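Because the structure is a prediction, the values reported are computed rather than measured. All values below were derived from every heavy atom in this structure, side-chain atoms included, with hydrogens, water molecules and symmetry-related copies excluded.
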Amino acid sequence: MTDTSTRELLLSRIRDVADYPKPGVVFKDITPLLADPKAFTALTEALAELCVRYGATKIVGLEARGFILAAPVAIRAGVGFIPVRKAGKLPGATLSQSYDLEYGSAEIEVHAEDLEQGDRVFVIDDVLATGGTAEASLELVRRAGAEVVGVAVLMELGFLGGRERLEPALGGAPLDALITL
């Protein structure tokens, strides 16, 4: 897993933005990490190591920042990259999955032909907060006939309880957070 020096490097490149997107929220901005080639490479390598360890054949990246993290990991690990998008963003036949938010609901989609029986899927996102999007993505992957071999996030906001919500949906697949706050 990620060593202490890598964790410290990654954490040092995440900027806190107070009162964004609304008062009382401290937003975790990863753009300084992405702008630093050493930190971005360390992040990519750590996630690629997990992908290889779990024997993934495809990586699913969750919109939008999950795309930024997952695509270079797929290249590094030598596997396919599949974007999971917000509803209405993909042309052609899609599978969709709705999920509940704090106030209302949302829906995500994947191209119907991108995942199939026998695929071993590693799901990547930037943040695990309440776990709703991740939970919906796991359901979507399984409905497509693929197997979830693991989930990884750059950071987990432990105080929001996402891991507990996600635990039943993991079905025994590991959940790795490089940083837990």
(request) Please examine the side chains of V60 and V110, heavy atoms only from C-beta on, and report whether any two atoms are closer than 4.5 Å. (result) no
(request) Only one of I30, D36, L178 passes side-chain contact (heavy atoms from CB on, under 4.5 Å) with L10; say which it is. (result) L178
(message) Give me the atom names and distance for the closest heavy-atom approach of Y54 to D176.
(response) OH-OD2, 2.6 Å
(request) Mark yes or no for whether R76, through its side chain, and A48, through its backbone, hold a donor-acceptor pair below 3.5 Å. (result) no
(request) For the pair K58 (side chain) and D114 (backbone), establish whether a donor and an acceptor sit closer than 3.5 Å, ignoring hydrogens and angles. (result) yes
(request) Search all heavy atoms of V79 against all heavy atoms of A56 and return the closest pair with its distance. (result) CG1-O, 3.4 Å
(request) In plain terms, say whether R65 and D125 are close enough for a salt bridge, that is, a side-chain N and a carboxylate O under 4.0 Å apart. (result) no
(request) Treating Ile, Leu, Val, Met, Phe, Trp and Tyr as nodes and any side-chain heavy-atom pair under 4.5 angstrom as an edge, say whether L90 and V121 lie in one connected cluster. (result) no
(message) If we ignore hydrogens and angles and just use 3.5 Å, is the side chain of E63 paired with the main-chain N or O of K86 as donor and acceptor?
(response) yes
(request) Check ring-ring contact (aromatic ring centres under 6.0 Å, His included) between F67 and all other residues, then give those that pass, not counting sequence neighbours. (result) none
(message) Can you confirm whether the side chains of S105 and Y99 place a donor and an acceptor under 3.5 Å from each other?
(response) no
(request) Give a yes or no on whether the backbone of L9 and the side-chain of S12 come within a donor-acceptor separation of less than 3.5 Å. (result) yes
(message) Quick check: closest heavy atoms across A70 and I124, and the distance to 0.1 Å?
(response) CB-CB, 4.0 Å
(request) For residues D19 and G24, report the shortest heavy-atom separation together with the two atoms involved. (result) OD1-N, 2.8 Å
(request) Give a yes or no answer on whether the side chain of H111 reaches the backbone of L95 with a donor-acceptor pair at less than 3.5 Å. (result) no
(message) Quick check: is I59 connected to F40 through a chain of hydrophobic side chains (ILVMFWY, heavy atoms under 4.5 Å apart)?
(response) yes
(message) Could you tell me if the side chain of L43 sits less than 4.5 Å from the side chain of R13, heavy atoms only?
(response) no
(request) Heavy atoms only: give me the nearest S137-I108 pair and the separation to one decimal. (result) N-CD1, 3.6 Å
(request) Check whether any side-chain heavy atom of L154 lies under 4.5 Å from a side-chain heavy atom of I179, and answer yes or no. (result) yes
(message) If you count heavy atoms of other groups shown closer than 6.0 angstrom to CZ of F27, is the number above 12?
(response) yes
(request) Quick one: closest heavy-atom pair of C51 and A77, and the distance? (result) SG-CB, 3.8 Å
(request) Going by the side chain to side chain donor-acceptor pair (under 3.5 Å) test, name the single residue among E135, E107, R143 that passes it with Q97. (result) R143
(request) Taking the side chain as every heavy atom from C-beta outward, state whether T180 and L157 have any pair of such atoms under 4.5 Å apart. (result) no
(request) Taking the side chain as every heavy atom from C-beta outward, state whether L128 and M155 have any atom pair closer than 4.5 Å. (result) no
(request) Check whether any side-chain heavy atom of F122 sits under 4.5 Å from a side-chain heavy atom of L50, and report yes or no. (result) yes
(request) Check whether any side-chain heavy atom of V153 sits under 4.5 Å from a side-chain heavy atom of V127, and report yes or no. (result) no
(request) Would you indicate whether the side-chain heavy atoms of L34 and I68 approach each other to under 4.5 Å? (result) yes
(request) Answer yes or no: is there a donor N or O on one side and an acceptor on the other, between the side chain of D119 and the main chain of E116, under 3.5 Å? (result) yes
